[in-house]
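Hydrogens, waters and symmetry mates are skipped; everything else that's a heavy atom, side chains included, is used. The model shown is predicted, which means the values in this text are computed figures rather than measured ones.
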Amino acid sequence: MINRYDISVAGNAPTGLPADIAFLLLGRRSEEQICAIRKFPFIGPWGCNGRNDLHFTEQIPLPDYLDTVYLSAIEKKFYSLETALDVNLIKTYRDKYMSLDGEQKLSFIVGFAPYGIVVLWLYYPKKQYIIGVYQGEEIEVDMEDFLPNNPNILLDKICDHYVKTEERVNSEVIKSMLNENFFQKLMHQFSYRYAIEFVGNDSKDYQDFINKYELKSITDSLIDGTFNKLNDGSLLHYHKGGVVQKNSIEWIHGKNQYSCCFFFNELQIQSIFERFYGAHPETKTDFIIRIDAENKKYELSLFRQGLKEPVRIPESAYQLIVFKNKFEDYRSDNYNQPRGAWIW
């Protein structure tokens, strides 16, 4: 007998590039399917379930296929995708997460990008996994089939309406995203670990100085739509991950509690990663975060074996805010994030 699980599915699209579906089915070919709730339209941020669809669940077996037809509003094009899913990978991620956090429900997010690119994520409250990146094919769809309740509406009209919902996004940013290569790069995976270095001059004895620092947590969110808030130490070991979008660190120094959050310029940090790794994304790399809280100095750099010294990440590539005992202690000159952005 096939095991059944509480499963939900939701749609998603990149910020500024809304999408809509004719249908979205997830399931097993020989069993029941779960159908995503249609929204008008799906929007970003990429990989995020921003409309709380994931609390609608059905009991079905682990899915082994995905079938969908969707509209990329910015292109005014329809795409179709029918693909098999890696059930063993889904089960592996489920079992791994359950061993750490005990969550039993499986929540899937399907991302619809231009050029027929579709991404499937497995979402948990403290970690999100990529199940696969797929390529759909362009098709023709009659509006009568797409919107049977309003069959006479023009495709141009509905697409223009959807795009206007995302006018808050800078048009230059949208232009930079409108190429197939951008979305392929968006999902690239690299091998790295975070290496936290505490520095300062508050003690004559080096060991005594080191012992005064205690790393409490490190979490991150990546531009490929994944995040890791498990705080299980895995981010401090080499792992495959997308380009960092933001990360946060908490530590104790003596009687003081610190926390900081880095927000990265996505296009700039992506370019930095690509230049550093070149054609070898598997190269084991240290993402060094150098912290000198007493002197309010913070540096980021990348280092791999064979280099004489780390490659520094320019301050223009990120914004930083630091708290000491819950009060703001430092912010970078270019910091312009909205209030509360560090809470995620």
Just by distance, do the side chain of Gln319 and the backbone of Ser332 share a donor-acceptor pair under 3.5 Å?
-> no

Are the side chain of Asp160 and the backbone of Ala73 linked by a donor-acceptor contact shorter than 3.5 Å?
-> no

Hey, any chance Leu122 and Met98 share a hydrophobic cluster, counting ILVMFWY side chains that come within less than 4.5 Å of each other, even indirectly?
-> no

ILVMFWY network linking Leu267 to Phe263, side-chain heavy atoms under 4.5 angstrom = no

Just by distance, do the side chain of Arg28 and the backbone of Pro61 share a donor-acceptor pair under 3.5 Å?
-> no

Derivation of the side-chain hydrogen bond (donor to acceptor under 3.5 Å, both in side chains) call for Thr57 and Ser8 = CA-CA 5 Å; Thr57 64; Ser8 62; over 6 Å; no

Just by distance, with hydrogens left out, do Ser191 and Glu282 show a side-chain donor and acceptor under 3.5 Å apart?
-> no

Just by distance, do the side chain of Asn12 and the backbone of Cys48 share a donor-acceptor pair under 3.5 Å?
-> yes

More than 12 non-hydrogen atoms from neighbouring residues, nucleotides or ligands closer than 6.0 Å to NE2 on His239, yes or no?
-> yes

Closest approach of Tyr318 and Ile313, non-hydrogen atoms and distance?
-> CE2-O, 3.8 Å

Return the minimal non-hydrogen interatomic distance between Thr15 and Gly44, and the atom names on each side.
-> OG1-CA, 3.6 Å

Do Asp156 and Lys76 sit within salt-bridge range, that is, some charged N less than 4.0 Å from a carboxylate O?
-> yes

Is any side-chain N of the basic residue among Arg29 and Asp64 closer than 4.0 Å to the acidic one's carboxylate O?
-> no

Leu307, Ile272: one ILVMFWY side-chain cluster at the under-4.5 Å cut-off?
-> yes

Return yes if a side-chain donor-acceptor contact under 3.5 Å exists between Asp224 and Gln189, otherwise no.
-> yes

Pair Gln257, Glu250: side-chain N/O donor-acceptor within cut-off below 3.5 Å | no

Specify whether Tyr124 and Tyr97 have parallel, tilted or perpendicular ring planes, treating 30° as the upper limit for parallel and 60° as the lower limit for perpendicular.
-> parallel

Is a donor on one side and an acceptor on the other found under 3.5 Å between the side chain of Asp286 and the backbone of Tyr192?
-> no

Hey, does the side chain of Asp142 reach the backbone of Glu144 with a donor-acceptor pair shorter than 3.5 angstrom?
-> no

Of Phe183, Tyr70, Tyr79, the residue whose pairing with Phe112 passes ring-ring contact (aromatic ring centres under 6.0 Å, His included) = Tyr70

Is a salt bridge present between Asp220 and Lys246, judged by a nitrogen-to-oxygen distance below 4.0 Å?
-> no

Are Ile249 and Leu222 connected in the hydrophobic side-chain network, where two residues link if heavy atoms are under 4.5 Å apart?
-> yes

State yes or no: do Leu236 and Tyr213 share one hydrophobic cluster built from I, L, V, M, F, W and Y residues joined by side-chain heavy-atom distances below 4.5 Å, directly or via other members?
-> yes

Side-chain donor-acceptor contact under 3.5 Å, Gln268 with Ser316 = yes

Would you indicate whether Glu328, at its atom CD, is surrounded by more than 12 heavy atoms from other residues, nucleotides or ligands within a distance under 6.0 Å?
-> yes

Please check if the side chain of Gln128 supplies one atom and the backbone of Trp121 the other of a donor-acceptor pair under 3.5 Å.
-> no

When rounded to the nearest 0.5 Å, the distance separating CG of Leu186 from CD1 of Ile117 is 9.0 Å

Describe, in one word, how the ring planes of Trp342 and Phe323 are oriented to each other, choosing from parallel (under 30°), tilted (30 to 60°) and perpendicular (over 60°).
-> tilted

Please confirm whether the backbone N or O of Tyr115 pairs with a side-chain atom of Glu75, one donor and one acceptor, at under 3.5 Å?
-> yes

Can a salt bridge be assigned to the pair Lys297 and Glu299 using a cut-off of 4.0 Å between side-chain N and carboxylate O?
-> no

Lys/Arg-Asp/Glu bridge criterion (N-O < 4.0 Å) met for Asp95, Lys91 = yes

Determine whether the side chains of Glu315 and Asn334 contain a donor N or O and an acceptor N or O closer than 3.5 Å.
-> no

